Novice: 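Dropping a structure here in structure tokens format, bear with me for questions.
Keep in mind that what you see is a predicted model, and the values were worked out from it rather than measured.
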Amino acid sequence: MATLSDEALKQKIEKGHLIETTEEMTEGYKKALIQILLVQADTELMSAPSYYMAARSAPSMNTRLSAYAVIQDELGHAHITYQLLEDLGMDKEYLIYGRKPHEFKNPYGFDQPLETWVELVVANAYFDRAGITLLGDPFENTSYGPWKRSLVKIDKEELFHLRHGEVWMKRLCEAGGQAKEEIQRAADWMFPMGVEWFGMPDHLKRHTAQLEYKLKGKTNDELRQIWLSAVVPLSESCGIHVPAHFDEAQQEYVLDYEFPVDYDPSQKRWKFDSPVSWDQVFERWKKRGPYNEIYVKSIQKHYKDFMAMLNGGN
Amino acid sequence: MLPTTLNESQIWEALKEVEDPEMPISLVDMGMVFDVSVEGANTKIQLGLTATACPAIDFIFYDIRERLKKEGCEDIEIELVWDPPWTKERISEEGRFILSTWGLSV
Amino acid sequence: MKLQETYEVFARQWRKDPLQHVGTVVAPNGDLAAAFARTIYNEEAWVEMQVAARKNFIPAIEIREEGK
Amino acid sequence: MSTNFETVHDLPESCQQAVYDLILAVADSKHLLGLRYGEWLGAPVLESSIAASAMAQDEFGHSRLFYSLVDDFVQAGLPQRQEVPSEYRNIEVLDQPFESWTDFVAANALVDAALLVQLEAFRNSSLMPLRRFVPKLIQEEVFHLQHAQGWMSLMTNTSEQSRSALQQAIRKIWDPILCWLGKPQSDSEKALLGAGIQDIDSDGLRTRWMEQVGPLVEQGHLDLPVSNDTITGEWILGSSLNWDGWDESFRRASKTGPDAETFAQIECFSTHSYPVGT
């Protein structure tokens, strides 16, 4: 562990120094780094079963192939990120196969069932846009060298997912009729899910260890604005209504509802007339969404039995 | 718009503006366009893919058609070529330069 | 899994290039190391890829302090 | 003198049906194998989940090419296959999901080897569109067997439990896969050889298959009906195949096809109402 104090480390990082090894880290730095990497790894991993569920209803061989390519990429990104965690002294195998479903740190959005191919399209447009926004930040700003370098491949591939989502969203909306209605229905629950993805607003939570150590460079609200500035115009250009608009006076995107609000996962419906506190949101997140166990199980299902057999036990 | 017929070199020029959906390189610079032939109103394009499981076929076909439609080509046939197969040697100098720099500016 | 080993992955983009180190994979044997490397390091259309077990490395210079 | 055929329209009528049957059997088998591989987000190591997904895409990519030939046959006047499970011609063992990772490994080795030797037999095919794309497919396939081989050697070297589980899993699918390579002296085999669609008969395919699978069986000390002749070095099948109820055009004994859940995924291709073409 570093001989430097936390303050000295932060000053060094402030001057643009990249951290390369655990020897250079303080306890606080390492803890914050592990926390942020675990969220990324778990998010990549749990997107795979949720996208797979949706890919089952792909309407053609070509669209199924695109969906599987996205799934393979996400598994690959998870692999890269768990490997980074292993290099920090964590046990990759335990992280993937040993934890309980509720211990995974993926956002609430990937605890939801993606039931149709159209939901995959909108997920690629909205959720992968959130992913790119969140990972584009450390790619530019992070003080941890190995993470920064790993994001070259990840960001490249996420661009294809985004394009997959955006192109199909446009095409299905141009076709109109039932296809467009399905996109609208998906957007109705996925858009606010994306808004929530970026967490608590800055006025409630400003300084975090992640920012102080420059693990990332932008605040929650800044990232949310970047996401909105991509997703709102995209949706509008498709003729899809989302509850947000650009406010000329404030020169930024604002939501048309009081944020945060209550969500009914069994109906996949946001209750826009029921504002809630952030404590209530955290409680909902902690309780996990309806597919948390199902998705984690689909990754872990065969591990234990196979390993027991391989090792000669039962 | 009345269907106009472009000659082959004009089609090549137009295809230089169609990008590979997975990276910022044109299909032409990727060496994926094997042949272009025009017969009357019919334009035939021979295309080689880097892998049989190319996940972006829909996008590539769509982008080609959209680009050529802008030039008034309506009757477009795209044929996949496997013999000879696409190889990296087909990538142009410009394509190689973009490949070597894209996304590596850490 | 027990009995896992680290393999170093080498590849080259063009025939004119030398093999370069592109990463590592952890696998229980060489066949799986090769299969894993091929699917994990798939970001380029490599013209060649090889994996080698790290345990087979023969040190020509033992690890020492930099600049000494 | 052999004739080459530029399109399926040029095939002599006497062999059209046999060629169509084989092309459709390969297309369906690769399609179903892709679906089966794709189910394994939960392989025992994440690296193999990634490999399984990659292999699934290869199989889909290959089936896409074989289905385009099937479309040509339909254009040439052969009846379009009805979209019902019982009309599917995939290798029988792909009807249901693999129950365990052991079953995955067994199929990864045996089914991929069967499809590979069938592709190899098309290398000099007289059907030109087929001959043109086949080398690319073979090149993409090679690592599938490497993946299977890696798991087989791990399972046969690590514990008696895993070795015998693998043996059992292989035994279960052994016969239908060997039969899938074709019935000796059947009319369809004669038609395929006569027209130069493939350059080797079904027993020759089985020999090539044993050249792939035999060494793995031997190295793993698996008790299976295949052995290496110490004098000639040839691989010999140690049991006779059971052809009771065998349907030559479907290349399977039971015409049940994929199970309901699997078929639901296939059916999406024909029942959807999105503007995605085909």
Side-chain angles (χ1 to χ4, degrees), chain A residues 45 48-49 51-52 55-76 78-79 82-83 92-93 95-97 116-118 121 168 171-172 174-179 182 295-314, chain D residues 31 34-35 37-61 63-64 67-68 98-105 151 154-155 157-166 261-262 264-278:
Chain A
L45 185 64
Y51 289 176
Y52 174 70
R56 291 169 67 93
S57 67
S60 65
M61 189 68 85
N62 292 351
T63 52
R64 180 161 293 153
L65 254 169
S66 305
Y68 274 49
V70 170
I71 292 165
Q72 188 198 331
D73 287 347
E74 300 291 7
L75 292 170
H79 175 263
Y82 287 119
Q83 200 59 54
K92 173 176 136 202
E93 195 168 346
L95 290 177
I96 300 169
Y97 300 103
T116 63
W117 175 69
V118 167
V121 164
W168 276 119
R171 244 182 266 170
L172 295 176
E174 272 166 27
Q178 194 203 326
E182 280 187 50
Y295 290 155
V296 171
K297 227 173 149 184
S298 74
I299 301 285
Q300 298 179 339
K301 194 162 71 177
H302 297 274
Y303 170 82
K304 226 171 113 192
D305 287 349
F306 183 81
M307 287 303 168
M309 179 193 69
L310 194 64
N311 296 323
N314 291 303
Chain D
H31 183 179
L35 288 173
Y37 282 161
E39 286 161 352
W40 283 85
L41 301 175
V45 297
L46 185 55
E47 289 87 339
S48 270
S49 302
I50 300 169
S53 175
M55 293 193 290
Q57 290 167 65
D58 289 339
E59 300 303 343
F60 287 155
S63 78
R64 183 160 65 185
Y67 280 129
S68 74
F98 307 138
E99 278 173 23
S100 65
W101 184 247
T102 309
D103 285 345
F104 180 108
V105 173
W151 278 103
L154 181 70
M155 292 184 73
N157 285 325
T158 311
S159 76
E160 181 47 34
Q161 275 93 333
S162 58
R163 201 194 60 82
S164 80
L166 180 64
E261 222 176 288
T262 310
Q265 292 185 58
I266 298 170
E267 215 179 6
C268 290
F269 291 3
S270 49
T271 55
H272 73 84
S273 55
Y274 306 121
V276 298
T278 46

Novice: Can you tell me how far apart CD (D:E39) and OG (A:S298) are? Round to the nearest 0.5 Å.
Specialist: 11.5 Å
Novice: Roughly how far, to the nearest 0.5 Å, is OG of D:S53 from CG of A:L75?
Specialist: 6.0 Å
Novice: When you measure from the side chain of D:S159 to the backbone N and O of A:M309, does any donor-acceptor pair fall under 3.5 Å?
Specialist: yes
Novice: I'd like to verify something: which residue of D:L35, D:I50, D:T158 has the highest number of heavy-atom pairs under 4.5 Å with chain A?
Specialist: D:I50
Novice: Nearest 0.5 Å, what's the CZ-CG distance between D:F60 and A:N62?
Specialist: 11.5 Å
Novice: Working to the nearest 0.5 Å, report the span between OH of A:Y68 and CG of D:D58.
Specialist: 13.0 Å
Novice: Do you know the tightest heavy-atom contact between D:Y274 and A:A179?
Specialist: CD2-CB, 4.1 Å
Novice: Counting only non-hydrogen atoms closer than 4.5 Å, does D:S273 touch chain A with its backbone (N, CA, C, O), its side chain (CB onward), both, or neither?
Specialist: side chain
Novice: Tell me, side chain or backbone of A:A69 under 4.5 Å from chain D's heavy atoms, or both, or neither?
Specialist: both
Novice: Top residue by heavy-atom pair count (under 4.5 Å) with chain A, among D:S162, D:G34, D:A54?
Specialist: D:S162
Novice: Who passes side-chain contact (heavy atoms from CB on, under 4.5 Å) against D:Y67, sequence neighbours left out?
Specialist: A:M61, D:L24, D:A27, D:D28, D:H31, D:S63, D:V70, D:R81, D:Y88
Novice: Can you tell which part of A:E182 gets under 4.5 Å to a heavy atom of chain D, answering side chain, backbone, both or neither?
Specialist: side chain
Novice: How many angstroms lie between atom CH2 of D:W151 and atom CZ of A:F306, to the nearest 0.5 angstrom?
Specialist: 5.0 Å
Novice: Which atoms form the tightest heavy-atom contact between A:P59 and D:H272, and what is the distance?
Specialist: O-CD2, 3.1 Å
Novice: Is any side-chain heavy atom of D:L41 closer than 4.5 Å to one of A:Y295?
Specialist: no
Novice: Would you say A:R171 and D:P275 make side-chain contact, with heavy atoms under 4.5 Å?
Specialist: no
Novice: Measure A:K304 against the heavy atoms of chain D and call it side chain, backbone, both or neither at under 4.5 Å.
Specialist: neither
Novice: Atom CD1 of A:I71 and atom CD of D:Q57: how far apart are they, to the nearest 0.5 Å?
Specialist: 8.5 Å
Novice: Quick check on A:Q178 against chain D: is it the side chain, the backbone, both or neither that has a heavy atom closer than 4.5 Å?
Specialist: side chain
Novice: Passes salt bridge (Lys or Arg N to Asp or Glu O under 4.0 Å), D:E59 versus A:R64? Steps please.
Specialist: CA-CA 12 Å; D:E59 300 303 343; A:R64 180 161 293 153; over 6 Å; no
Novice: Give, as side chain, backbone, both or neither, the part of A:I299 having an atom under 4.5 angstrom from any heavy atom of chain D.
Specialist: both
Novice: Between D:A43 and chain A, with a heavy-atom cut-off of 4.5 Å, which part of the residue counts as in contact: side chain, backbone, both or neither?
Specialist: backbone
Novice: Main chain of D:L46, side chain of A:Y97: is a donor-acceptor contact present, judged purely on distance under 3.5 Å?
Specialist: yes
Novice: Kindly indicate whether the side chain of D:W101, heavy atoms from C-beta on, has any atom under 4.5 Å from the side chain of A:L310.
Specialist: no
Novice: Over 60° means perpendicular and under 30° means parallel, so tell me whether A:H302 and D:W40 are parallel, tilted or perpendicular.
Specialist: tilted
Novice: Can you tell me if CD on D:E99 sees more than 12 non-hydrogen neighbours from other groups inside 6.0 Å?
Specialist: no
